[in-house]
Number of protein chains: 2
Amino acid sequence: MRKQDITIYDVAREAKVSMATVSRVVNGNTNVRKDTRERVLKVINRLHYQPNAVAQGLASKRTTTVGLIVPDLTNLYFAELSKGIDDIALLYKYNIIITSIENRLMKEDQAIQGLLNKQVDGIIYMSDNLPEEAAEAFKRTDTPVVLAGTKSNHQEFPSVAIDYMKADTEALNLLYNDGKKNLALVLDDPDTVVNAENRIPAYKKFMADHNLGEGHIYSNIKDHSDGYNLYSQLRQDGIDGVIVTRDITAVGILNAATDAGTKIPEEMEIVTASATQIASVVRPALTAIRQPLYDIGAVAMRLLTKLMNNEEIDQKQIELPYELLKKQSTANK
Amino acid sequence: MRKQDITIYDVAREAKVSMATVSRVVNGNTNVRKDTRERVLKVINRLHYQPNAVAQGLASKRTTTVGLIVPDLTNLYFAELSKGIDDIALLYKYNIIITSIENRLMKEDQAIQGLLNKQVDGIIYMSDNLPEEAAEAFKRTDTPVVLAGTKSNHQEFPSVAIDYMKADTEALNLLYNDGKKNLALVLDDPDTVVNAENRIPAYKKFMADHNLGEGHIYSNIKDHSDGYNLYSQLRQDGIDGVIVTRDITAVGILNAATDAGTKIPEEMEIVTASATQIASVVRPALTAIRQPLYDIGAVAMRLLTKLMNNEEIDQKQIELPYELLKKQSTANK
DNA sequence: AGAATAGCTGTAAACGTTTGCACTTTTTGG
DNA sequence: CCAAAAAGTGCAAACGTTTACAGCTATTCT
């Protein structure tokens with residue numbers, strides 16, 4: 001096995017010091033005389049010594065590894081969040097163990113337990129929803145956790161997100177001012193905290209405030225074909241303006257509308273509540289609530305580094321600014 | 001610290017056995033009497049004992065962790081590959097450490113060294129290109145490596161991919177049979193092995209075989225706006241049929257064409273050489289070489305599990321079938 | 001019944017680091 | 001120049017497992 005030919009012992013022997021000193025050199029401890037440090041470094045280079053991170057992890061109880069829990073890697077929403085996380089993790093020299101939980105073999109709490117067994121120093125949780133068992137699992141551990149791009153009604157968990165209620169209200173207002181009065185809300189999952197506690201209340205309040213009646217909420221519309229198939233229902237219900245949680249779903253509606261000869265935005269306006277790359281490359285391009293996904297990820301990871309170092313946190317719930325990006329799926333005024 | 005309140009010792013004491021026996025129970029070793037096994041399991045459940053994977057890794061020299069090297073998480077091509085990898089990894093109980101190398105702070109060989117230091121049991125490499133230093137790094141280690149969705153001229157590395165040359169030729173043939181004679185090749189990076197040794201030769205050979213002249217190869221066209229901006233050049237060069245490596249780039253060309261009033265596919269046909277979700281949701285939908293990305297990832301991971309178990313491999317270079325999926329960006333015949 | 005064998009369990013040495021403590025050497029200040 | 005403080009170093013125990021190896025206890029066979 002070539003796997004670990006040279007250990008800290010070999011270096012110590014060659015450099016005629018103890019392993020403790022080698023360890024100090026490796027870890028940049030200042031209590032080493034300049035010339036011994038250089039001598040040790042020379043040996044390290046000559047032997048191509050590389051510390052065994054597993055042994056370091058066991059001895060120091062820090063693995064410089066963080067866990068990422070994500071529902072679906074191929075959902076660009078999470079991919080863009082992950083990118084922000086990854087960049088900051090690299091900066092702070094953390095590795096990332098990624099656990100995808102879309103696969104129903106892997107429940108949230110199992111995923112969490114798996115990460116804890118691997119002794120990750122922290123966890124970033126990105127699923128839209130935080131089931132009770134997952135919250136329990138987090139509460140049982142000392143390992144810090146940050147929610148990224150989502151919210152929980154557990155106020156104890158630090159999170160980074162946008163003000164979904166405000167954003168949705170602003171989007172509804174845009175539609176309303178464009179003269180659309182038969183507004184609908186299209187949701188992926190009605191039971192996530194973001195939807196149940198933010199988007200739905202925002203929608204209901206808006207409808208009530210403007211005397212627009214009950215309105216229409218469509219649930220469990222999750223991908224392109226769901227959106228495509230929903231379109232005829234929307235027409236039947238006389239919808240002329242719609243907010244859609246996922247942009248890929250919005251594209252489905254858009255394509256169905258185009259195929260049916262419906263004029264967008266004249267006859268129907270579409271706004272997506274989370275924009276990825278996709279929203280901007282389809283035609284007509286989608287008006288969108290642009291969440292700063294990369295930044296949410298980056299800030300979440302930065303926050304986690306602080307928690308892992310037991311630094312003081314000024315605020316646990318961070319809200320980043322969003323933008324309402326007007327494109328071709330709403331009136332050009 | 002609650003981090004590790006209970007160890008194998010605690011279980012051993014409570015169950016009145018040695019830690020060795022507890023270890024055997026945890027690892028499903030059969031050499032344990034039924035009633036002691038049950039007694040131990042009961043204690044494990046009562047104390048909520050969870051093995052420390054880091055200690056296990058150090059003692060057993062297996063971490064049940066594999067490393068993934070990927071250029072860009074937000075590129076759906078790699079995301080879809082990753083999904084296949086992830087599913088099989090879950091099945092075989094491996095965790096995944098993901099390392100993104102798009103960030104120029106992280107070179108390939110550093111990424112590899114980082115994974116090796118973490119003592120991963122295997123590595124899947126997904127970048128389009130395998131730089132010489134990376135190949136060297138792989139050769140120095142015993143840790144098995146599999147290339148997924150890419151090729152290398154290092155035949156010693158197992159890989160899973162499609163026959164790019166054949167696929168491209170078939171696509172060119174489609175354009176040719178639709179009557180397009182001024183064919184172009186649009187590449188992300190001309191120096192990757194896949195492009196330099198497969199796509200470009202296939203293109204040149206096709207052009208020569210059909211007396212179509214030198215042809216036009218456009219390089220370093222990597223994203224939507226690159227594609228969009230390239231369009232006028234294509235027109236200027238009289239191109240009427242084009243193969244594009246990335247689908248997001250193809251969409252850029254498509255959108256520019258639509259904006260310019262060019263009829264697709266009548267005046268120009270577009271085929272993308274790698275289809276993700278995006279290719280199918282734009283309008284007109286893109287004709288594409290559909291690589292079985294999920295399967296490539298899954299097969300690569302399966303292959304890696306065999307290598308990690310020192311099982312015999314019947315073939316190192318695996319080629320999976322692709323499909324030429326005709327959509328609206330080529331003639332409907 | 002006694003020997004051989006198989007099944008079960010415990011002991012203790014790894015695995016490759018980090019780190020508290022004690023000790024020695026050097027530096028500093030009066 | 002000496003005492004006190006600071007800097008540098010090594011020793012050895014820890015981190016929480018796995019796993020030879022040995023030993024002990026049933027079981028099987030003749």
Side-chain angles (χ1 to χ4, degrees), chain A residues 1-41 43-44 47-65 116-121 142-143, chain B residues 1-41 43-44 47-65 114 116-121 142:
Chain A
M1 287 277 279
R2 252 223 252 74
K3 223 161 194 170
Q4 182 91 31
D5 13 359
I6 33 198
T7 72
I8 206 169
Y9 278 98
D10 302 309
V11 176
R13 181 170 15 80
E14 294 280 315
K16 307 206 188 309
V17 292
S18 75
M19 23 164 311
T21 299
V22 178
S23 173
R24 288 187 191 103
V25 170
V26 169
N27 294 294
N29 186 312
T30 49
N31 273 358
V32 182
R33 218 170 56 210
K34 191 142 177 285
D35 57 331
T36 39
R37 172 183 307 281
E38 274 159 11
R39 184 155 38 95
V40 170
L41 282 175
V43 175
I44 286 177
L47 302 186
H48 296 114
Y49 166 72
Q50 293 286 145
N52 178 324
V54 172
Q56 288 179 317
L58 184 60
S60 69
K61 303 192 148 233
R62 306 190 77 240
T63 54
T64 58
T65 301
L116 294 177
N117 292 354
K118 291 268 169 160
Q119 313 296 119
V120 295
D121 297 334
D142 291 337
T143 307
Chain B
M1 288 278 279
R2 256 224 248 73
K3 221 161 196 168
Q4 184 91 31
D5 12 359
I6 33 194
T7 72
I8 206 169
Y9 279 99
D10 301 310
V11 177
R13 182 173 11 83
E14 294 281 314
K16 308 208 187 309
V17 292
S18 74
M19 22 162 313
T21 300
V22 178
S23 173
R24 287 185 191 104
V25 171
V26 169
N27 294 295
N29 187 313
T30 48
N31 273 356
V32 182
R33 217 172 55 211
K34 191 139 178 283
D35 58 330
T36 38
R37 171 184 309 281
E38 274 160 12
R39 184 154 39 94
V40 170
L41 281 175
V43 176
I44 286 177
L47 302 186
H48 297 113
Y49 166 73
Q50 293 285 145
N52 179 324
V54 171
Q56 288 180 317
L58 184 59
S60 68
K61 303 192 149 234
R62 305 190 78 239
T63 55
T64 59
T65 301
L116 293 177
N117 291 354
K118 293 268 169 158
Q119 314 297 119
V120 295
D121 296 335
D142 292 337

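We name chains A, B, ... by the order of the sequence lines, and we start the count at 1 in each one. All values derive from a computational prediction rather than experimental measurement.
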key: Validation row: A:V17, A:R37 side chains within 4.5 angstrom (heavy atoms)   =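 No, side chains not in contact.
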Does OP1 or OP2 of [N] have a side-chain N or O of [X] closer than 4.0 Å?
X     : N      : answer
A:Y9  : C:dA14 : no
B:N27 : D:dT18 : yes
A:T36 : D:dT9  : yes
B:S18 : C:dT11 : no
A:R33 : D:dT9  : yes
B:K61 : C:dG16 : yes

Separation of [X] atom [atom1] from [N] atom [atom2], in whole Å?
X      : N      : atom1 : atom2 : result
B:K118 : C:dG16 : NZ    : P     : 17 Å
A:N29  : C:dC21 : CG    : P     : 16 Å
A:R62  : C:dT17 : CZ    : P     : 18 Å
A:N31  : D:dG10 : CG    : C1'   : 13 Å
B:Q50  : D:dT17 : CD    : P     : 10 Å
B:M19  : C:dT11 : CE    : C1'   : 9 Å
A:D10  : C:dC15 : CG    : C1'   : 14 Å
A:D35  : D:dG8  : CG    : C1'   : 10 Å

State which of [options] makes the closest approach to the side chain of [X].
X     : options                : answer
B:T21 : C:dT19, C:dG10, D:dT17 : C:dG10
B:S60 : C:dT17, D:dG8, D:dT18  : D:dT18
B:A59 : D:dC15, D:dT18, D:dG10 : D:dT18
A:Q56 : D:dG16, C:dT18, D:dT18 : C:dT18
A:V32 : C:dG16, D:dG16, D:dT9  : D:dT9

request  = For a side-chain contact (heavy atoms from CB on, under 4.5 Å) with B:T21, tell me which candidate from B:N31, B:V26, B:V32 qualifies.
outcome  = B:V32
message = With side-chain contact (heavy atoms from CB on, under 4.5 Å) as the criterion, how do A:V25 and A:L41 come out once you've worked through the C-alpha distance, each side chain's angles and the decisive distance to 0.1 Å?
response = CA-CA 8 Å; A:V25 170; A:L41 282 175; 3.8 Å; yes
query = So, does the side chain of B:R24 form a donor-acceptor pair with the base of C:dG10 at under 3.5 Å?
reply = yes
Nearest-nucleotide 5' precedence on DNA chain D, B:V54 against B:A20 =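 On the 5' side of the pair lies B:V54.
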inquiry  = Exactly one of A:T64, A:N52, A:T63 should register a side chain to side chain donor-acceptor pair (under 3.5 Å) with B:K118. Which one does?
reply    = A:T64
ask   = Touch check for B:S23, heavy atoms < 4.0 angstrom, all strands: base, sugar-phosphate only, or nothing?
value = base
query = NA contact type, B:V17, heavy-atom cut-off 4.0 Å: base, sugar-phosphate, or nothing?
reply =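 It contacts sugar-phosphate atoms only.
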inquiry  = Using a 3.5 Å distance criterion without hydrogens, assess whether the side chain of B:N117 forms a donor-acceptor pair with backbone atoms of B:G114.
reply    =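 No.
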request  = Would you please test A:V11 and A:I6 for side-chain contact (heavy atoms from CB on, under 4.5 Å) and show each step?
outcome  = CA-CA 8 Å; A:V11 176; A:I6 33 198; 5.7 Å; no
